[in-house]
Amino acid sequence: MPDPRPFAPTPVPGFPCCFLTVLLLVAAPLGARTIHVDHAAGGSGSGDDWINASPDLQTAIAGAVAGDQIWVAEGTYYPDDGLGQTPNQRTSSFQLLNGVSIYGGFAGTEIVLTDRNPASHPTILSGDLLQNDTTAATTLDNTYHVVTGDGTDATAILDGFRITSGNANGPAPNNGGGGLICNGSGSPTLINCTFSGNLASDLGGAVSINDFSGPSFTNCSLAGNHAMILGAAVCVTNSSTPTFTNCTIAGNSATGLSAFGGGIYVSPSS
């Protein structure tokens, strides 16, 4: 007579009955991680969800690998805060990473990316390290470059941020790109970003693009930036090939005695 009991695997001596399940879990591919960032979060800081969001964007970037997304809640974030950073160090910068997408504009409750609203939840990357900007004199200790795209390709994505208060007033290469610098074939993707209130003593108050770099800008605004010599908003040099799609460049100023490019200066590039 057949055994009426449900089929159960015969235990293998020396292995627990759940061995097959463990093998399946180990063999399953791991999905990309979403790392949550919220400066006001009070949980563990693991970044696994909004309750336990990392308070610092730099810490999230340090733990990210290709394929990850970083979701950043509204608020202001400084490049000298977080894992591996030195407070008030002017060379601090948010370095973009290949394969890592960084999105701003979250309220801190969203479950899917399409629920975010950058216009309603402004997310700011600021170079005002001492958080004391009131006059031109108080910007002299700001970071040289708020964001760095050196050595990246188009898979390094920054989407939905306001980038402000960088002051590239040091020796080269810290004399250009107060908001963003792209050297060494740096070609990140910038979407829905606003560059305002950035400064440079020489090249590109908001953005400096050099050395065969080709970043792309889509739906971005560059307004209210200043450079003393070349490219108040953007300076493009050394065979670089940036693209700008549906962008606004207005209200920038280059005021030195030998200044060129109140909006964009390009030479020799395309």
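Heavy-atom basis, side chains included; hydrogens, waters and symmetry copies ignored. Because the structure is a prediction, the values reported are computed rather than measured.
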- Note on the structure: In short, Asn98 meets Gly151 closest at the heavy-atom pair ND2-O, 3.9 Å

- Item | Donor + acceptor pair across side chains of Ser240, Asn238 (<3.5 Å) | no

- Nearest non-hydrogen partners of Ala168 and Gly178, listed with the distance: CB-N, 3.9 Å

- CG/Leu130: more than 12 non-hydrogen atoms of other groups inside 6.0 Å: yes

- Close side-chain approach of Phe94 and Ile61, heavy atoms under 4.5 Å: yes

- Task: Go through Thr123 and Thr76 one step at a time and tell me if the side chain to side chain contact (heavy atoms under 4.5 Å, CB included) criterion holds.
- Result: CA-CA 6 Å; Thr123 311; Thr76 302; over 6 Å; no

- Message: Between His226 and Ser253 (side chain of the first, backbone of the second, donor and acceptor by atom type, cut-off under 3.5 Å), is there such a pair?
- Response: yes

- Message: Could you report the tightest heavy-atom contact between Ser270 and Pro242, atom names first, then the distance?
- Response: O-CD, 3.7 Å

- Item | Donor-acceptor contact present, side-chain Thr109 to main-chain Ala107, <3.5 Å | no

- Query: Would a line drawn from the ring center of Trp71 to the ring center of Phe106 be shorter than 6.0 Å?
  - Reply: yes

- How long is the span from the CD1 atom in Ile70 to the OH atom in Tyr103, to the nearest 0.5 Å? 11.0 Å

- Keeping the roles fixed (side chain from Ser126, backbone from Tyr78), state whether a donor-acceptor pair exists under 3.5 Å. no

- Message: Evaluate Thr152 against Gln95 for side chain to side chain contact (heavy atoms under 4.5 Å, CB included), listing each step before the verdict.
- Response: CA-CA 9 Å; Thr152 58; Gln95 171 67 55; 3.9 Å; yes

- Message: Could you check whether any side-chain N or O of Asn198 sits under 3.5 Å from a backbone N or O of Ser165, counting only pairs where one atom can act as donor and the other as acceptor?
- Response: yes

- Query: Within a strict 4.5 Å, meaning less than it, do heavy atoms of the Pro79 and Gln58 side chains meet?
  - Reply: yes

- Message: Hydrophobic cluster membership, with links at side-chain heavy-atom distances under 4.5 Å among I/L/V/M/F/W/Y: are Phe212 and Val236 in one?
- Response: no

- Check step by step if side chain to side chain donor-acceptor pair (under 3.5 Å) holds for Asp133 and Asn142. CA-CA 9 Å; Asp133 283 6; Asn142 289 12; 2.9 Å; yes

- Note on the structure: In short, Ala232 meets Ala254 closest at the heavy-atom pair CB-N, 3.7 Å

- Message: Between Leu180 and Val266, is there shared hydrophobic-cluster membership here, with clusters defined by ILVMFWY side-chain heavy atoms closer than 4.5 Å?
- Response: yes

- Query: Is any side-chain heavy atom of Ile249 less than 4.5 Å from a side-chain heavy atom of Ile264?
  - Reply: yes

- Close side-chain approach of Leu190 and Pro188, heavy atoms under 4.5 Å: yes

- Item | Thr245 vs Cys247 side-chain heavy atoms within contact, under 4.5 Å | no

- Check for a donor-acceptor pair, side chain of Asn117 on one end and backbone N or O of His121 on the other, with a separation under 3.5 Å. no

- Message: Consider side-chain contact (heavy atoms from CB on, under 4.5 Å). Of Ile102, Thr194, Val146, Ile124, which one does Phe161 pass it with?
- Response: Ile102

- Any chance you could measure Asn210, atom CG, to Asn183, atom CG, to the nearest 0.5 Å? 4.5 Å

- Note on the structure: Rounding to 0.5 Å, atoms CG (Asn174) and CG (Leu203) come to a distance of 11.5 Å

- Item | Flag, side chain of Thr164 to backbone of Ser196, donor-acceptor distance under 3.5 Å | yes

- Report the distance from atom OG1 of Thr34 to atom CD of Glu110, rounding to the nearest 0.5 Å. 12.5 Å

- Message: In this structure, would Leu199 and Leu129 fall into the same cluster of hydrophobic residues linked by side-chain contacts under 4.5 Å?
- Response: no

- Message: Please check this pair: side chain of Asp49 against backbone of Asn52, looking for a donor-acceptor N/O pair closer than 3.5 Å.
- Response: yes

- Closest non-hydrogen atom pair between Cys193 and Gly160, with its separation: SG-N, 4.0 Å

- Query: OG1/Thr138 to CG/Asn167 distance, rounded to the nearest 0.5 angstrom?
  - Reply: 10.0 Å

- Query: Can you tell if the side chain of Thr189 reaches within under 4.5 Å of the side chain of Leu158, non-hydrogen atoms only?
  - Reply: no

- Message: Assigning hydrophobic clusters by single linkage (Ile, Leu, Val, Met, Phe, Trp, Tyr; side-chain heavy-atom cutoff under 4.5 Å), is Leu97 placed with Val37?
- Response: yes

- Query: Between the main-chain N or O of Val65 and the side-chain N or O of Asp68, is there a donor-acceptor pair closer than 3.5 Å?
  - Reply: yes

- Task: Would you check if the side chain of His36 reaches a backbone N or O of Ser46 as a donor-acceptor pair within less than 3.5 Å?
- Result: no

- Can you check whether Gly104's main-chain N or O pairs, donor with acceptor, with Arg116's side chain at less than 3.5 Å? yes

- Query: Quick one: does Val147's side chain get under 4.5 Å of Leu96's, heavy atoms only?
  - Reply: yes

- Item | Asp80 and Arg90 ion-paired at < 4.0 Å | no

- Note on the structure: To the nearest 0.5 Å, atom OG1 of Thr237 lies from atom CD1 of Ile209 at 9.0 Å

- Task: Identify the two heavy atoms, one from Trp50 and one from Ala73, that lie closest to each other, and give their separation to 0.1 Å.
- Result: CZ3-CB, 3.9 Å

- Item | Between Asp150 and Thr148, a side-chain donor and acceptor under 3.5 Å | no

- May I ask you to decide if the ring planes of Tyr77 and His39 are parallel, tilted or perpendicular, using 30° and 60° as cut-offs? perpendicular

- Item | same_hphob_cluster(Leu222, Tyr265) at 4.5 Å side-chain heavy-atom cutoff | no

- Message: Taking atom CZ as the centre, does Phe260 end up with more than 12 heavy-atom neighbours from other residues, nucleotides or ligands that are less than 6.0 angstrom away?
- Response: no

- Message: Contact between Phe217 and Phe195 at the side-chain level, heavy atoms closer than 4.5 Å - yes or no?
- Response: yes

